[in-house]
There are 2 protein chains.
Amino acid sequence: MGSLTIGKVAGLAGVGVETIRFYEREGLIPKPPRKESGYRQYPEEAVVRIRFIKRAKDLGFSLKEIREILSLRISSEVTCEDIRVRAEAKISDIEKKIGTLTKMKRALTKLTSACMGEVPVSRCPILEALEGEES
Amino acid sequence: MGSLTIGKVAGLAGVGVETIRFYEREGLIPKPPRKESGYRQYPEEAVVRIRFIKRAKDLGFSLKEIREILSLRISSEVTCEDIRVRAEAKISDIEKKIGTLTKMKRALTKLTSACMGEVPVSRCPILEALEGEES
DNA sequence: CTTGACTCCGTAGTATGGTACGGTCTTTAT
DNA sequence: ATAAAGACCGTACCATACTACGGAGTCAAG
């Protein structure tokens, strides 16, 4: 108990076994301890971590960025100042994404109301909603 | 005037010329009219559309999904009902993304406060903040 | 009226993020 | 005790989204 095989972790996290081995090679998850047989033994936390990776990927973060985000933790090797600066940079990335998504949502909502017959649409509201933006 | 070369569009949209030709092949942007020489002539709207594609990509939408979003417009070929249904599905995707980003942001903010010396952090707040979630 | 920057096209190559294969060893359920 | 299911490994393959190449034609500034 308190230790899962790779297949269990994969099932719980909703990914394939090969994906977990891939993430291990890529340094996104720590190498777990092994049994004498060589089988990997994961703590339950591994599931949480893999689910996090999955979500972050859906949000447009690359594995490289995710690795960076995951490495943001307090340790003796990095200064707090350094962590703060990097975390703040990620926060601002995230805020930008939220802002753009909010605009897209408003545009789509406008489209649905137009479809309810409330407004005649001359141009594409999806494109209009994002006009005049700097990336 | 009112018509741009592919290079101009690329510059204004912040992508390469080859990317635009690629998007055209993939059906993400309409085929523009040509001069007798064969040169593409883009309306200024093309820039807006390409910038939209760029942003949507950053937010984790695939080109396939972006093509779908961009095809959501009122025309004689699709019923309003159909558009409404598809737009609402996209809206709910977007809301989910916003929700997850908001959680990530809160987690990172917590991390920065911890770094300001306010709280001692025992476990990783980034992972904790997303615990117990279903995708 | 030349010359350098830009366009055309098809095809090939690259980076990212997996996914599959296949042969061998381990675990587990009957 | 045995067989099916699952794990091990390296390597190869795949889809997505570009990016580069090369040879030829076009445009526009001096």
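Residue numbers start from 1 in every chain, and the chains themselves are labelled A, B, ... in the order their sequence lines are given, proteins ahead of strands.
A:Tyr42 has its OH atom 11 Å from the C1' atom of D:dA7, to the nearest Å. Here D:dA5 presents its P atom at 15 Å from NZ of A:Lys8, a figure rounded to the nearest Å. In this entry the distance linking CD of A:Glu65 with C1' of C:dG17 reads 14 Å, nearest Å. As a whole-Å value, the separation of A:Glu24 CD from C:dG18 P is 15 Å. Regarding A:Arg34, its CZ atom lies at a distance of 13 Å from the P atom of C:dT26, rounded to whole Å. Rounded to an integer number of Å, the gap from CD1 of A:Ile50 to C1' of C:dG18 is 14 Å. Rounded to a whole Å, the CD atom of B:Glu26 is 11 Å from the C1' atom of D:dA15.
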Taking distance alone, no hydrogens or angles, what donor-acceptor pairs closer than 3.5 Å link side-chain atoms of residues 10-28 of chain B to residues at least two apart or in another chain?
unit_1  : atom_1 : unit_2  : atom_2 : d
B:Glu24 : OE1    : B:Arg40 : NE     : 2.9

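Judged by a 6.0 Å distance limit and a 45° cone about the ring axis, A:Lys90 is not positioned over the six-membered ring of A:Phe61.
Scored by the side-chain contact (heavy atoms from CB on, under 4.5 Å) test, A:Glu81 finds A:Thr79, A:Arg84, A:Val85 as partners (sequence neighbours excluded). For B:Gln41, there are no side-chain hydrogen bond (donor to acceptor under 3.5 Å, both in side chains) partners two or more places apart in sequence or in a different chain. Partners of B:Glu95 according to the side-chain hydrogen bond (donor to acceptor under 3.5 Å, both in side chains) rule, which considers only residues two or more places apart in sequence or in another chain, are A:Lys105. Every side-chain contact (heavy atoms from CB on, under 4.5 Å) that B:Tyr39 has, sequence neighbours left out, goes to B:Lys35, B:Ser37.
Between B:Arg40 and C:dC9, a side-chain N or O to OP1/OP2 separation shorter than 4.0 Å is present. Listed pair A:Thr5 / D:dG6 fails the phosphate criterion, with no side-chain N or O lying under 4.0 Å from OP1 or OP2.
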5' to 3', nucleotides 17-30 of chain D under a 4.0 Å protein heavy-atom cut-off (B base, S sugar-phosphate only, - none) gives BBBB----BBS---
